[in-house]
Each structure stands twice: as structure tokens, then as C-alpha cells.
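Written out below as C-alpha cells is the structure these notes cover.
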Amino acid sequence: MYTEALSIAEYADSEDISVPTGTLEKLYANRAAAYLNIVPGLHDEALVDCEKALQLNEGNHRALYRKARALKEMGRHKEAYETVAKCSLAVPQDPNVIRLTQDLAKMLGLKIRKAYVRSKVRVYCLTDHDKPMGMALGMPDVTPLPAVVDLAKNPLADTHEFKQACSNCYVKTVLDFTLYTEEHKCKKDILLGRIKNQPDKSWKLIRPRPTKSQYVGPYYICKDVAIGEGCRYPGHCTFAYCQEEIDVWSLERKGFICRDFLFDPFGPTSKINLTVPKILQEHHGIFMFLCGVCFDHKPRIISKTNKDNPSLCSHPVTKHAFEDQKCLVHILRENTVRYSKIRPYSPQNQMDICRHEVRYGCVREDECFYAHSLIELKVWMMQHQLGITPENIVQEANRFWNMEAGSQGSLVNSHCTQHYIQFGPPNLKMQFVCGQCWRNGQVSEADKNKKYCTAKARHSWSKDKRVVLVSSIERKKWTTIRPLPTKKPIPSQFEICMHVSTGKKCQYIGNCTFAHSTEERDLWTYMKENNIPDMEQLYEHWLQSQKPGWSEEASNSAIKENGKQIHMPTDYAEEVAGNHCWLCGKNCNSDRQWQQHITSEKHREKVFNSEDDQNCWQYRFPTGTFGVCERYLKGTCTEEELCKLAHGNEELKEWTERREFLLMKLAKARKDHLIAPNDNDFGKYSFLLKDIK
């Protein structure tokens with residue numbers, strides 16, 4: 001019938017009767033579907049009709065899908081994959097398109113493992129008589145490490161190649177990037193990759209995975225890049241630029257690989273090049289000893305040596321023998337404080353990161369043979385090759401930061417309160433001051449503990465209380481800078497507000513997205529070009545330029561006010577020990593503070609949820625009613641997202657897996673005393689306490 005209709009259309013065209021192109025493309029696309037459904041399928045004829053339909057409308061997703069099917073049946077898998085990728089841009093959630101994409105990816109050797117959640121559930125439920133909780137399924141019993149450890153443990157090892165580069169050897173040309181192989185001191189801060197056994201041998205840049213977006217579906221190629229043009233949103237695009245990026249991002253999002261181990265860490269000479277300074281240059285922070293008994297306490301307590309008696313820890317009640325119980329810890333200060341315990345190295349340790357610890361916390365804790373953090377893994381690798389002791393690691397770390405502080409000190413102005421390190425635009429000086437004092441005509445910076453300003457009023461030094469001042473070489477006047485506009489897309493260049501440029505006050509009601517001074521325009525441009533989205537990150541970068549590291553003196557005792565010690569969440573290790581929430585990076589120095597923290601909504605949300613967890617799931621959040629909607633199966637469900645039942649067996653299956661996963665996180669939080677014993681009200685997570693009927 002479609003053939004007869006096309007014959008009539010052809011006859012009409014010979015009689016100068018116009019047939020709409022929309023009708024013609026539907027006829028060709030539908031006849032292609034008929035060809036495919038004939039047994040055996042007429043794939044050549046279907047491909048010809050799809051090509052004709054696409055000549056009339058290149059965006060016809062049905063024709064693209066059927067063309068991909070025809071190419072697949074003809075054995076032209078690479079062309080089929082490229083075709084279905086274009087179709088995915090038009091209908092990303094179509095189950096048939098997704099299924100075909102996955103089948104083709106498997107045929108091309110690019111299949112991504114998706115059973116990691118189920119395997120984790122099985123491993124979590126093993127008894128003490130089964131394989132260790134920290135081990136992957138199917139692995140042999142733990143044996144001592146061989147002389148050379150194989151660390152190329154990633155599912156892309158058979159299909160992809162990876163290498164490191166830097167901006168000096170991987171240079172952008174007019175049309176593309178070029179990799180230069182001349183000898184130079186490579187920083188190795190860029191990851192490159194390519195698919196094996198492909199005609200295109202060029203190395204592709206693999207950017208860091210975007211984490212700002214809450215998008216949970218599969219990744220796709222940027223439309224601009226797909227048609228051979230430059231991306232309109234460079235630096236901010238959340239779409240992939242190449243298939244290699246999609247493959248790495250998909251596995252990174254699921255916590256299945258770490259990009260640091262996509263290449264051989266030992267290098268071609270099978271030797272570790274890690275040292276304490278190199279680790280600190282990459283990860284920052286400091287190594288120091290804390291009381292191991294307090295650190296392993298539930299909840300965690302942070303205590304170091306007692307000020308009056310260094311042989312004991314600083315716990316106010318139970319003073320443990322410090323030398324006998326000390327443990328090596330890496331402490332990193334970012335927006336919060338993160339403590340990473342470095343367990344003693346032994347030949348039984350496995351040189352890989354425990355996937356359970358990354359996802360919901362390893363229940364074996366210190367008995368696990370796998371590393372529980374990337375920093376612990378690198379320290380183990382260094383100890384395996386160099387035989388360095390924990391005491392030597394702490395000494396090397398202190399020596400490194402003392403040298404860094406000395407080299408930075410030569411750049412600092414000798415003035416006791418003003419620190420004008422060259423950071424930011426070259427024509428601007430920058431400093432952060434107390435906002436309340438600035439409004440009163442005073443210039444007050446932070447005290448040495450970064451807790452209060454230096455004025456007599458002692459205003460709190462928090463992100464909403466400080467302001468950034470800049471001074472240009474030309475004007476030599478300090479000017480306040482407003483936060484970077486959040487308008488999307490960010491303009492390619494910032495302009496001066498028309499009212500301000502004429503010497504008037506800005507008349508715009510709200511947050512004007514135009515700069516109010518040349519200094520503000522220059523700093524905004526600098527922030528945009530260096531991917532600094534807000535003032536908090538600008539402050540962190542500026543702070544690191546003032547003093548890139550910190551020594552034990554920086555983690556001095558808490559400030560005393562009216563004879564009372566005050567503890568802040570951003571302290572590293574206080575002289576007086578207190579409970580520490582490793583989820584939120586917060587220290588509490590009283591039971592009341594601790595109870596207020598663990599019952600707060602923000603803390604509860606962190607117990608169950610994280611940004612990476614969100615990206616692991618494809619369907620809606622479980623409603624608590626575990627069953628399939630019969631109306632959805634019949635096509636009559638009108639509630640859509642509001643329906644309390646699962647829309648299909650796949651969604652129900654994911655809901656069940658997600659419930660088991662959340663129960664694991666809840667069990668870990670209860671074990672670490674991060675939830676009050678009698679607390680059973682978890683809001684939208686309360687369905688975890690109910691049995692599935």
C-alpha cells in the first residue's frame with residue numbers, strides 16, 4: 001500500500017500536482033518499517049527508503065532509527081551506532097532507541113557494565129565465612145602482592161588507550177588539537193584517550209565530568225560538535241565532545257573507575273614515581289598523627305597530643321597513650337575539613353580502591369584489604385616501592401610545607417596586615433575584608449585563625465560576612481566587587497553598565513548583570529576564564545596564593561573568649577577533642593551540639609544522598625509503594641510523575657535495588673552513631689522502615 005501511494009505521488013508530480021514533502025517522507029519512512037518487519041527483512045530496500053526520507057527531512061528520528069536498524073542487520077555496526085547517536089539527540093528517552101544504542105555499543109566493544117549495584121548488594125550480604133567484604137565478587141583469596149602490581153583494573157582497558165598530557169604538549173590549533181611529543185617537563189594534568197582499532201588514531205581530550213547538573217540520563221554528544229562546529233558554551237557545556245568522553249564519564253558517574261588509574265601509574269619502567277611532595281602538590285592538605293582510639297570511636301573524635309603531657313592524647317576524659325595508639329591521617333581543608341585515615345601498609349593490601357567504601361561505607365573498616373580513599377592508595381603505593389615509614393611521611397610533609405611557606409614568604413609584602421600576592425588579573429591587587437567593618441569605614445582582615453575579623457567587634461569571618469576589594473594600578477582606589485552574575489549563558493565578555501558609565505547610579509531594580517566598574521569587569525572576566533563560579537571559590541584560590549599549605553601551628557588551639565573555648569566546623573584538630581561528623585566535616589564540642597547536628601535536615605539528607613548517588617539512577621525516586629501500575633501497562637495512566645506505582649518492571653526493579661542501597665547507607669550511619677538511636681522520622685526516606693508487601 002505504501003508502494004502504491006508513492007507511485008500515485010510520482011504520477012501526481014508528473015502532472016505538476018504538488019504532494020507535501022511531509023507526506024512523502026512519512027511514506028518512505030513507513031515503507032522502510034514494513035521492509036524491516038518482513039521475514040526475512042529487506043534491509044537494503046529499507047536503507048534506501050530511509051535515505052530518501054532523510055533527504056526530505058534530515059531530522060526525521062523514525063527514519064534515523066530504522067536506518068540504524070537496517071545498518072545493524074547488514075553488519076555495518078559503526079555506521080549504525082553513529083546513526084542511532086543522532087537519533088538519541090532527538091528522542092533521548094525512547095526505550096527502543098536506548099535498547100538499540102546499548103546493543104550496538106556491546107557489538108563495538110563499548111558496553112558499559114550496569115550490574116554494579118546488584119553486585120554490591122550481594123557482596124554486602126556475605127557472612128564472615130565468605131569472601132572479604134572489601135573484595136570484588138569472583139576474586140581469589142588474598143595473597144601477598146607480586147613484585148610488580150598490575151593496576152590497570154578498569155573495564156575500558158581492552159577497548160581504550162589513555163595517556164596524560166599538559167597544555168604545553170596538547171595544543172589547540174585552528175581546527176583541532178595537536179599532540180606534540182618533544183621532550184619537556186610535562187605537568188600531566190590533562191587526560192587523553194582514544195578507542196583501539198579505529199581508523200581515527202588522534203588523541204581526544206577527556207574533560208572532567210560535569211557535576212553541577214542533576215541530569216541522570218545517558219550522556220550525548222554536543223549538537224554543535226556533532227555537526228562539526230565549535231561548541232557555543234566552551235568551558236560550561238555539559239554534553240560530551242567525543243565518544244571516549246561518554247565512556248569515561250558514564251563509568252565515573254557510577255563510581256566504577258577512577259580516572260587517575262586509566263593509565264599505568266608505574267609507567268613504562270614499572271616504578272612508582274610518587275613521593276610525599278608530589279602527593280601533597282596534587283592533593284594539598286597535610287599528614288599528621290591523631291589518636292587512633294579516638295579516631296575509630298563511634299562517633300569519631302578528633303584528638304592529637306595533649307598540650308601538657310605529649311605522651312597522652314588530648315581527650316578531656318579518657319587520655320590514651322598517644323605513641324601506642326597513634327594513626328596516620330591526611331587532613332584536607334576545603335569548604336569543610338576531611339580526614340582520611342592511612343592504615344598501616346602490609347603485603348596483603350590490594351592496590352585498588354574499595355568500591356563499597358566509595359558508595360556507602362565498607363563494613364569491614366580496618367580489616368578490609370582495599371584502600372578506602374585515593375590518598376590512602378597512593379601512600380600505600382609509595383610505601384610498597386620506597387619502604388617509607390609513617391613517621392618519615394609526617395616529617396617530609398612538614399619539611400615540604402615549610403619550604404613552600406618560605407618561598408611564598410619572599411613574595412609577600414612586609415606590611416603586617418596587607419598581603420598583596422599576585423593573584424587574579426595582572427593589573428589588580430586583591431584583598432578580602434570584613435563586610436560589616438567596611439560599611440563602617442574600616443578595613444579589617446581575618447585573624448590568623450580565619451574565624452573573626454581583627455576589629456575590636458570581632459565579627460564572624462564567614463562567607464556571607466566578607467567582601468572582596470580590588471585596586472587597579474591606574475586608579476589606586478579600593479573597590480568592592482559583587483558576585484559573578486548567574487545569568488545563563490554567561491556572556492562572552494562583560495560590559496560596563498550604561499548608567500554607571502555616564503556617572504549616574506544604576507537604575508536597575510535587582511541584580512544588574514553589567515559591571516559597575518572597570519575593576520569589576522576585569523575580575524569577572526578573570527573568574528569566567530578560570531572557571532571560578534562564585535566568591536567562595538575565589539576566596540579559596542586567593543587563600544592558597546597567600547599560603548598554599550599549613551603547618552601544625554596553623555591548627556592551634558581554639559580561640560578563648562570570656563574564658564570559653566569556641567570550636568568551628570572548619571578546624572583541623574582541636575586541642576579539646578569533640579565529636580566529628582565525617583559526612584558533613586563538622587566538629588561538635590558538646591553533646592547538645594552533636595544532637596542538634598545529627599537531627600538537622602541538612603545532615604539527614606547527606607546520610608542518604610549525594611550528588612554522585614543521584615546520577616546512578618535512571619528512574620523516579622521510590623514512592624514507597626512497590627508495585628507496577630496496571631493502568632500504565634494498559635496505556636491509561638494519567639498521573640504520570642505523580643503516580644505512586646512503578647511505571648514498568650524496570651522501574652520497579654530499580655526501586656527495589658535503590659531501597660537496598662539506601663538501607664545499607666542507613667545501617668552504616670547508625671553504626672557510626674550519625675543518627676540518633678530513637679530517630680525514625682526520615683521524611684521522604686521513611687519508607688525504608690516499612691516492609692515490602
Side-chain angles (χ1 to χ4, degrees), residues 211-212 214 255 283-286 290 294-304 329-341 356-363 365 372-376 449-451 460-465 534 536-537 539-540 543 550 555 558 565-574 576-615 661-662 664-685 688:
T211 56
K212 297 293 183 184
Q214 291 300 315
H283 296 278
H284 305 290
I286 190 69
L290 297 179
C294 294
F295 196 87
D296 294 334
H297 184 268
K298 309 297 183 186
R300 179 178 294 173
I301 298 175
I302 305 301
S303 61
K304 54 179 183 178
V329 177
H330 176 262
I331 309 175
L332 176 64
R333 176 179 182 174
E334 292 176 324
N335 294 331
T336 58
V337 184
R338 185 167 68 235
Y339 298 86
S340 300
K341 183 179 180 180
H356 309 294
E357 178 66 21
V358 172
R359 299 290 288 140
Y360 46 75
C362 178
V363 296
E365 297 184 345
H372 284 178
S373 65
L374 181 58
I375 193 74
E376 184 177 51
N449 296 292
K450 301 292 186 291
K451 296 180 181 179
S460 175
W461 187 259
S462 56
K463 62 181 180 181
D464 57 331
K465 298 287 181 65
D534 50 41
E536 182 65 16
Q537 286 199 25
Y539 176 69
E540 291 295 329
L543 205 60
W550 61 279
S555 60
Q565 285 194 323
I566 301 171
H567 295 260
M568 301 296 288
T570 51
D571 293 342
Y572 281 99
E574 301 294 348
V576 176
N579 292 343
H580 174 78
C581 175
W582 56 266
L583 274 174
C584 308
K586 179 179 176 65
N587 287 340
C588 299
N589 64 327
S590 69
D591 289 337
R592 182 180 178 183
Q593 265 190 14
W594 179 253
Q595 293 301 322
Q596 288 176 345
H597 173 68
I598 63 176
T599 55
S600 65
E601 290 299 323
K602 187 176 180 181
H603 171 78
R604 285 178 179 174
E605 186 66 22
K606 282 207 171 187
V607 168
F608 295 102
N609 191 21
S610 70
E611 185 175 299
D612 288 335
D613 294 337
Q614 280 292 332
N615 292 330
F661 174 72
L662 291 172
M664 293 174 193
K665 300 194 81 167
L666 177 60
K668 173 66 174 174
R670 286 199 186 279
K671 182 179 179 181
D672 290 350
H673 292 199
L674 299 181
I675 291 180
N678 57 349
D679 190 356
N680 293 316
D681 181 14
F682 303 128
K684 70 176 184 178
Y685 300 99
L688 297 172

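FYI, the numbering just counts along the sequence from 1.
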Atom of [X], atom of [Y] and distance for their closest heavy-atom approach:
X	Y	value
P299	W594	CB-CZ2, 3.4 Å
H330	G285	NE2-CA, 3.9 Å
I598	L674	CB-O, 3.6 Å
V607	K665	O-CE, 3.6 Å
K465	S460	CB-O, 3.4 Å
T599	Q595	OG1-O, 2.6 Å

- Expected output: side-chain H673 to main-chain K298 donor-acceptor under 3.5 Å: yes
Approximate separation, where rounding is to 0.5 Å, of [X] [atom1] and [Y] [atom2]:
X	Y	atom1	atom2	result
Q596	H603	CD	NE2	13.5 Å
E605	C584	CD	SG	11.0 Å
E536	K463	CD	NZ	5.5 Å

- Charged N-O contact under 4.0 Å between E365 and K668: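 Result for this pair is yes, salt bridge flagged.
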- Should K341 and D296 count as side-chain neighbours, where that means a heavy-atom distance under 4.5 Å? yes
- Item | Test item: I302 and F295 side chains (from C-beta on) under 4.5 Å apart, heavy atoms |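 The answer is yes; the side chains approach within 4.5 Å.
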- Message: Set out, in order, the CA-CA distance, both residues' side-chain angles and the distance that settles side-chain contact (heavy atoms from CB on, under 4.5 Å) for Y539 and K450, then state yes or no.
- Response: CA-CA 12 Å; Y539 176 69; K450 301 292 186 291; 3.6 Å; yes
- Could you walk me through whether R300 and D672 pass side-chain contact (heavy atoms from CB on, under 4.5 Å), step by step? CA-CA 8 Å; R300 179 178 294 173; D672 290 350; over 6 Å; no
